[in-house]
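A short worksheet on the structure shown next.
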Number of protein chains: 2
Amino acid sequence: MAKDSDTETRILNAARAVFIRRGTSGARMQEIAEEAGVNQALLHYYFRSKERLSEAVFSEAATRMFPMVIQILGSDQTIEKKVEGIVTTYLDNMSRSPFLPGYLISELHHHPERIHQLIRGVAGIELSTALKPVLDKLDKQIATEVRAGRMRRISAQQFMANLISLSVFPFAAQPMLRAAFGLDEDGFSKFIAVRKKELPQFIMSALTP
Amino acid sequence: MAKDSDTETRILNAARAVFIRRGTSGARMQEIAEEAGVNQALLHYYFRSKERLSEAVFSEAATRMFPMVIQILGSDQTIEKKVEGIVTTYLDNMSRSPFLPGYLISELHHHPERIHQLIRGVAGIELSTALKPVLDKLDKQIATEVRAGRMRRISAQQFMANLISLSVFPFAAQPMLRAAFGLDEDGFSKFIAVRKKELPQFIMSALTP
DNA sequence: GTCTATATTGTGATAGAC
DNA sequence: GTCTATCACAATATAGAC
């Protein structure tokens with residue numbers, strides 16, 4: 001039911017913006033209150049503490065990041081479709097939320113214990129438990145392709161790490177890349193657009209014997 | 001001359017550990033003082049403020065990260081040697097400082113203005129200015145290879161982004177990868193060792209027609 | 001150079017009126 | 001549900017003795 005201008009929703013929206021911008025330690029309840037257009041006491045009325053509010057934001061962010069790769073890599077598509085699916089899905093998603101990767105890396109770097117909070121919120125199980133069958137299935141699929149001479153040997157782990165690295169890192173390192181290449185916001189978007197077109201070919205070419 | 005147990009050096013070492021672990025906002029002067037085995041007042045005696053101390057740590061970290069790629073990609077080696085050089089250098093360096101990428105991404109994400117501090121400390125010039133001739137030269141080198149039929153077309157920017165993504169991202173996302181793959185510290189090291197061997201082949205295969 | 005106070009401000013959280 | 005006022009403590013920074 002909750003209208004988009006519900007006080008609780010407005011607070012959560014403001015919290016998301018501030019936590020992602022400042023990080024959990026750098027965020028101030030006062031700034032969140034201002035951005036939500038309410039006073040600081042209301043934040044505690046709805047979320048009890050800064051800690052709980054930050055957990056709500058983190059869980060939501062993690063949920064937007066992790067299920068996709070599991071769903072796509074665990075599907076019954078060809079390797080080529082999976083590569084395209086990961087690249088397209090992540091580049092599109094991250095283009096809409098370009099600060100998500102940096103925020104998640106930052107949070108997990110400074111609060112590694114939060115990793116246990118991952119996925120559990122969305123599927124009720126541990127991340128590695130959810131991923132295990134996906135990796136096993138992918139290893140088998142790759143083995144079949146290798147035997148048919150259509151693919152070079154690579155473990156599902158390394159395969160997945162390469163896909164995510166190539167798709168997500170440019171967003172996580174966006175400030176560095178922009179400074180290094182001298183790109184403004186629009187230039188960076190174009191850089192990503194090129195990537196979206198070329199990355200699947202690049203990866204498939206690396207996988208083909 | 002400065003002995004390794006100089007008070008100033010001990011403070012800087014402690015600051016490096018704490019800032020990298022907690023981030024600039026999360027770090028506490030008290031924790032740094034404890035880790036250095038001195039009291040809080042001495043931190044201000046040597047570095048005047050938390051801000052300045054954090055700048056010292058950040059500059060040092062940035063300097064350990066960025067010059068390598070410029071040096072290697074700007075050299076006169078073959079593309080293959082450059083790929084090998086980047087992968088080996090970064091994987092070795094990051095293995096020794098596995099928290100560096102996460103720290104730098106985190107800092108630059110929450111304090112993007114710090115980007116201007118980059119490189120200037122080491123070469124006295126802007127990052128993009130230092131990189132421009134390197135990218136131009138690399139573009140020419142790639143064009144030559146393409147004309148000779150030895151390489152697929154790719155821009156120096158995308159080429160460099162791919163190299164760094166594949167080499168650095170796994171360290172930046174270390175907490176996620178370890179949770180996802182169920183790896184302990186040793187398991188992660190082995191994962192990186194495999195990467196060091198396979199990544200150059202993977203990349204060269206992607207670049208070859 | 002190094003220490004022990006201490007000043008001063010910032011910040012999460014709560015009490016209580018409306 | 002929402003506000004103002006305020007508490008309690010954390011954290012940076014400084015003064016001044018040794």
Side-chain angles (χ1 to χ4, degrees), chain A residues 1-61 103 106-107 109-111 113-114 117, chain B residues 1-61 103 106-107 109-111 113-114 117:
Chain A
M1 199 43 89
K3 285 173 56 195
D4 193 57
S5 54
D6 264 5
T7 303
E8 185 170 345
T9 305
R10 288 222 319 282
I11 290 176
L12 193 58
N13 288 342
R16 178 172 33 244
V18 173
F19 277 121
I20 288 180
R21 187 163 62 228
R22 311 273 186 215
T24 297
S25 306
R28 297 293 163 246
M29 295 297 268
Q30 175 56 24
E31 188 177 358
I32 297 174
E34 274 167 27
E35 190 136 338
V38 299
N39 63 72
Q40 215 174 322
L42 265 196
L43 271 51
H44 289 91
Y45 176 80
Y46 281 103
F47 291 91
R48 237 184 74 83
S49 70
K50 179 185 176 183
E51 173 67 17
R52 287 189 191 234
L53 189 48
S54 76
E55 275 169 21
V57 169
F58 176 78
S59 289
E60 192 195 70
Y103 165 74
S106 175
E107 285 304 299
H109 178 78
H110 298 308
H111 312 280
E113 70 282 2
R114 277 202 163 163
Q117 196 179 326
Chain B
M1 201 40 91
K3 286 173 54 195
D4 192 58
S5 53
D6 265 5
T7 303
E8 185 170 346
T9 306
R10 287 224 318 284
I11 291 175
L12 194 57
N13 288 342
R16 184 180 318 115
V18 173
F19 277 120
I20 288 181
R21 187 161 65 229
R22 311 273 186 214
T24 297
S25 306
R28 297 291 163 247
M29 296 296 269
Q30 176 56 24
E31 187 176 358
I32 297 174
E34 275 167 26
E35 189 135 338
V38 300
N39 63 72
Q40 219 174 316
L42 265 195
L43 270 50
H44 290 91
Y45 175 80
Y46 280 103
F47 292 90
R48 235 184 78 83
S49 70
K50 179 185 176 182
E51 173 66 17
R52 287 190 191 232
L53 189 48
S54 76
E55 275 169 22
V57 169
F58 176 78
S59 289
E60 190 196 71
Y103 165 74
S106 174
E107 285 304 300
H109 178 77
H110 299 307
H111 311 280
E113 71 282 1
R114 277 203 164 162
Q117 197 178 326

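A, B, ... follow the sequence lines: proteins, then strands. Residue 1 opens every chain. Here the structure is a predicted model, which is why all the values come from computation and not from measurement.
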With a 4.0 Å limit, can you tell me whether [X] has a side-chain N or O closer than that to the phosphate oxygens OP1/OP2 of [N]?
X	N	result
B/Ser49	D/dT12	no
B/Asn39	C/dT2	no
B/Tyr45	C/dT2	no

Let me know the distance between [atom1] of [X] and [atom2] of [N], rounded to the nearest Å.
X	N	atom1	atom2	value
B/Lys50	D/dA11	NZ	P	9 Å
B/Ile11	C/dG1	CD1	P	11 Å
A/Glu51	C/dA13	CD	C1'	14 Å
A/Leu42	D/dG1	CG	P	10 Å

Holding to ring pair (Phe, Tyr, Trp, His ring centres under 6.0 Å), I want the full list of residues that pass it with A/His110, two or more places apart in sequence or in another chain.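 Per chain and number, A/His110 pairs via ring pair (Phe, Tyr, Trp, His ring centres under 6.0 Å) with no residue.
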So, the side chain of A/Asn39 versus the backbone of A/Ala41: is there a donor-acceptor pair under 3.5 Å, distance only?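 Yes.
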Protein-nucleic acid N or O pairs under 3.5 Å, nucleotides 14-18 of chain C:
none

Considering only residues two or more places apart or on different chains, which pairs with a residue in residues 20-29 of chain B satisfy salt bridge (Lys or Arg N to Asp or Glu O under 4.0 Å)?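 Pairs touching residues 20-29 of chain B that pass the test: B/Arg21-B/Glu31, B/Arg21-B/Glu35, B/Arg22-B/Glu31.
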Checking [X] now: which residues fulfil side-chain contact (heavy atoms from CB on, under 4.5 Å) with it, not counting sequence neighbours?
X	result
A/Arg48	A/Arg52
A/Ala36	A/Ile11, A/Ala14, A/Val38
B/His111	B/Thr24, B/Ser25, B/Glu107, B/Glu113, B/Arg114

I need the residues from residues 17-38 of chain B with at least one non-hydrogen atom less than 4.0 Å from DNA chain C; give them sorted by number, or say none.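 B/Val38 - these, ordered by number, are the residues of the stretch whose heavy atoms sit under 4.0 Å from the strand.
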Among residues at least two apart in sequence or on other chains, which ones pass side chain to side chain donor-acceptor pair (under 3.5 Å) with B/Gln30?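 Partners of B/Gln30 under the side chain to side chain donor-acceptor pair (under 3.5 Å) test: B/Glu34.
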Applying side chain to side chain donor-acceptor pair (under 3.5 Å), can you list everything that pairs with B/Thr7, at least two apart in sequence or on another chain?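 Checked B/Thr7 against side chain to side chain donor-acceptor pair (under 3.5 Å); zero matches.
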